[in-house]
Amino acid sequence: MIPVEEQLRVITSGAQNIVPLEDLRKKLEQDRPLNIKLGVDPTSPDLHLGHAVPLRKMRQFQDLGHHVTLIIGDGTALIGDPSGKNTTRPQLSSEQIAQNAQTYVDQAVKILDPEKLTICHNAEWILSMDLKKLLEVCSRFTVARILERDDFTKRYNAKTPIALHEFLYPVMQAYDSVVIKADVEMGGNDQLFNLLAGRELMEKMGMEPQICLTMPLLEGIDGVRKMSKSYGNYIGLTDSVDDMFGKTMSIPDEMIVRYMRLASPLSVDEVDAIEQGLADGSCDPNAEKRHLARALCDMYHGAGEGEAAEERFNSRFRDHEMPENIAEHPCELGETVYLPALLKEVGFAGSSSEGRRLIDGGGVKLNGEALPGGTYEVEGASLDGAVLQAGRLRYVRIVRK
RNA sequence: GGGAGUGUGCCCGAGUGGUUAAUGGGGACGGGCUGUAAACCCGUUGGCUAUGCCUACUAAGGUUCGAAUCCUUACGCUCCCA
């Protein structure tokens with residue numbers, strides 16, 4: 001295995017919290033493959049780049065020669081993680097959980113090396129636990145210790161209900177670490193409390209306690225709020241290559257290095273060099289953003305896909321060429337066609353009034369020619385086979401039904 | 001249980017009887033510029049085949065020639081006291 005200091009440079013790159021760093025060094029000095037744990041909650045089927053951040057860090061551990069254990073929290077999902085929530089989470093059905101878990105694994109193996117990966121389902125040991133065992137584990141925690149947790153404190157003070165079973169979430173997650181004998185547990189920074197509970201439980205049960213390593217929560221493509229499906233600022237791992245490339249190109253320049261470091265497969269050395277280059281002006285931000293976009297597309301869609309996506313991107317967005325494949329929209333074409341209604345019909349406008357405004361604002365083109373304001377009526381025959389365009393991005397080919 | 005507020009368009013927020021589809025900001029969309037970044041400039045942001053018509057300021061009633069603005073009730077939210 002490579003020298004400890006080298007390993008630490010890779011491991012600490014982009015990490016938010018390592019508790020305690022000194023103990024991590026000691027573990028690495030044992031010069032053996034460490035067991036790195038990441039628990040995932042299969043509560044949502046769609047993964048985005050933010051979810052990939054801890055997975056990327058896991059991959060770096062693998063590349064350094066360590067072993068990774070991915071725990072599918074199909075047992076803990078029945079409880080629902082209280083992290084960052086101010087209400088009790090709804091409990092999911094087992095079918096839903098199983099389905100989400102499968103999607104998660106499908107995505108995760110695109111990032112992780114399957115050779116150095118163990119996947120477990122914690123329902124295996126959590127749901128089969130008998131009361132005696134449960135009591136033994138629970139006795140290691142005090143109520144005060146669990147209540148210390150910020151989320152609980154807030155809810156308790158705010159008098160919002162905390163169901164008794166929610167106390168068990170950190171306890172069960174901690175028990176996972178005991179079962180798989182974790183050396184390091186990873187998570188987003190909001191997971192720190194849960195990770196620390198694992199450290200505590202292991203110590204109380206006479207084991208060498210795990211190291212807690214948290215990663216920052218990645219900002220979305222707006223560069224401000226954390227990446228989240230509900231904010232609509234996410235890059236989905238299953239997004240099409242073109243979407244993935246395009247969305248990446250729209251992130252603020254300030255986010256380039258952060259995305260590279262946290263979510264891309266670029267090496268720490270490369271990222272360090274680029275960061276330096278961007279700071280002193282010897283690297284071009286646009287070129288580096290393209291570099292990032294290609295790297296992400298290659299990782300999720302296969303080698304070479306990034307370059308292909310870039311070419312399409314150039315033709316469409318830089319050179320403003322019409323895309324090759326334009327969806328066809330069959331519709332009735334009378335003698336004359338009321339264009340605002342057609343814009344509404346094809347989904348370019350929410351109402352025909354909005355369609356009118358779009359035309360008046362010069363945003364509507366027919367076969368590449370901008371229509372002058374007030375052009376609401378168009379000859380039906382001239383529309384057959386014509387390309388209708390709204391703004392720079394939306395195209396549709398009109399054909400007679 | 002008692003008391004005080006408050007509810008406006010996608011969001012925030014002006015407006016306290018009369019040229020009001022309702023000031024302003026954010027967001028979004030369109031145009032220019034361009035690197036689908038930032039910054040900047042301009043336009044649009046209730047519906048309707050439309051110099052007009054219709055529906056709108058939580059909901060339902062009421063007062064008035066006239067209501068987002070006043071009154072009543074309901075619902076939602078906030079705060080204080082017990």
Side-chain angles (χ1 to χ4, degrees), chain A residues 49 86-87 157-160 218-225 227-228 230-235 239-260 274-275 277-279 281 283-294 296-297 306 309-323 331-366 368-380 383 388-396:
Chain A
L49 225 48
N86 46 22
T87 51
N157 289 338
K159 311 274 186 265
T160 49
L218 184 69
E219 291 79 7
I221 58 177
D222 54 8
V224 182
R225 294 183 294 184
M227 188 174 284
S228 152
S230 51
Y231 293 145
N233 62 357
Y234 67 100
I235 300 179
D239 279 356
S240 72
V241 206
D242 290 338
D243 273 353
M244 190 175 273
F245 196 94
K247 284 183 183 179
T248 307
M249 288 305 289
S250 75
I251 65 171
D253 284 2
E254 300 73 55
M255 285 287 126
I256 297 173
V257 171
R258 192 163 165 85
Y259 268 57
M260 283 182 166
I274 292 166
E275 182 168 34
L278 286 173
C283 282
D284 170 34
N286 184 34
E288 292 311 330
K289 199 185 281 180
R290 286 166 176 274
H291 183 186
L292 167 68
R294 283 194 305 269
L296 291 175
C297 290
E310 183 172 18
E311 273 169 35
R312 289 189 294 274
F313 176 85
N314 285 344
S315 113
R316 185 154 180 203
F317 298 105
R318 189 188 58 191
D319 308 330
H320 300 299
E321 286 167 7
M322 259 188 218
C331 59
E332 311 277 350
L333 297 175
E335 187 106 344
T336 61
V337 172
Y338 181 60
L339 214 47
L342 184 61
L343 286 167
K344 180 183 172 189
E345 188 182 324
V346 300
F348 290 171
S351 65
S352 59
S353 295
E354 193 182 327
R356 279 179 168 238
R357 285 185 230 116
L358 208 53
I359 294 168
D360 291 340
V364 177
K365 289 181 185 170
L366 208 50
E369 293 290 317
L371 295 172
T375 318
Y376 304 141
E377 300 284 350
V378 175
E379 207 179 306
L383 278 175
L388 182 66
Q389 181 185 355
R392 279 176 296 178
L393 310 183
R394 293 172 291 177
Y395 295 86
V396 76

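What you see is a predicted model, and the numbers here were worked out from it, not measured in a lab. Within every chain, numbering begins at 1; the chains are lettered A, B, ... in the order of the sequence lines, protein sequences first and strands thereafter.
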Assert: residue with more 5' nearest nucleotide on RNA chain B, out of A/Gly350 and A/Gly361, is A/Gly361
Residue mapping more 5' on RNA chain B - nearest nucleotide basis, A/Gly363 or A/Phe317
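Of the two residues, A/Gly363 wins.
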Round to the nearest Å and state the distance from [X] atom [atom1] to [N] atom [atom2].
X        : N      : atom1 : atom2 : result
A/Phe245 : B/rA37 : CZ    : C1'   : 13 Å
A/Leu393 : B/rA28 : CG    : P     : 14 Å
A/Met249 : B/rA38 : CE    : C1'   : 13 Å
A/Asp284 : B/rU34 : CG    : C1'   : 13 Å
A/Tyr376 : B/rU51 : OH    : P     : 11 Å
A/Asp222 : B/rC11 : CG    : P     : 19 Å
A/Glu345 : B/rU49 : CD    : P     : 13 Å
A/Gln389 : B/rC29 : CD    : P     : 16 Å

What's the gap between [N] and [M] when it is taken at their [atom1] atoms, as a whole Å value?
N      : M      : atom1 : result
B/rU55 : B/rA21 : P     : 14 Å
B/rU58 : B/rG18 : C1'   : 25 Å
B/rA14 : B/rG26 : C1'   : 15 Å
B/rG62 : B/rC57 : P     : 16 Å
B/rA59 : B/rA67 : P     : 15 Å
B/rA22 : B/rA68 : P     : 13 Å
B/rU16 : B/rU6  : P     : 13 Å
B/rU20 : B/rU69 : C1'   : 12 Å

With both distances under 3.5 angstrom, what nucleotide forms a Watson-Crick or G-U wobble pair with [N]?
N      : result
B/rG30 : B/rC42
B/rA50 : none
B/rG66 : none
B/rC79 : B/rG3
B/rA60 : B/rU72

Please determine if a side-chain N or O atom of A/Arg394 lies less than 4.0 Å away from the OP1 or OP2 oxygen of B/rG30.
yes
Is the phosphate of B/rA50 approached by A/Ser353 (side-chain N or O, under 4.0 Å from OP1 or OP2)?
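For B/rA50, neither OP1 nor OP2 has a side-chain N or O of A/Ser353 closer than 4.0 Å.
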Does any part of the side chain of A/Thr248, heavy atoms only, come nearer than 4.5 Å to the side chain of A/Leu292, both counted from C-beta?
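Heavy-atom side-chain distance check passes, below 4.5 Å.
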Less than 4.5 Å apart, side chain to side chain, heavy atoms only: is that true for A/Asn233 and A/Met227?
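In contact.
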Is there a donor-acceptor pair under 3.5 Å between the side chain of [X] and the backbone N or O of [Y]?
X        : Y        : answer
A/Glu354 : A/Gly350 : yes
A/Lys247 : A/Ile221 : no
A/Glu369 : A/Leu371 : no

For the side chain of [X], counting heavy atoms from C-beta on, which of [options] is nearest?
X        : options                : answer
A/Ser250 : B/rU36, B/rG30, B/rG47 : B/rU36
A/Ser352 : B/rC48, B/rG35, B/rU36 : B/rC48
A/Phe313 : B/rA37, B/rG47, B/rU36 : B/rU36
A/Ser351 : B/rU36, B/rA50, B/rG47 : B/rG47
A/Lys344 : B/rA37, B/rG47, B/rC48 : B/rC48
A/Tyr338 : B/rU49, B/rU36, B/rG46 : B/rU49

Under 4.0 angstrom, heavy atoms only, what part of the nucleic acid is A/Arg316 near: base, sugar-phosphate, or nothing?
nothing
Sugar-phosphate only, base, or nothing, as touched by A/Gly246 at under 4.0 Å among non-hydrogen atoms:
base
Exercise: do A/Tyr395 and A/Arg316 side chains pair donor with acceptor under 3.5 Å:
no
Can a salt bridge be assigned to the pair A/Arg258 and A/Glu219 using a cut-off of 4.0 Å between side-chain N and carboxylate O?
yes
Under 3.5 Å, is there an N or O donor on one side and an acceptor on the other linking the side chain of [X] and the base of [N]?
X        : N      : result
A/Asp253 : B/rG35 : yes
A/Glu377 : B/rU49 : yes
A/Arg392 : B/rU34 : yes

Any idea how A/Phe245 and A/Phe313 line up, ring-wise: parallel (<30°), tilted (30 to 60°), or perpendicular (>60°)?
tilted
What's the base orientation of B/rU20: syn (chi within 90° of 0) or anti?
syn
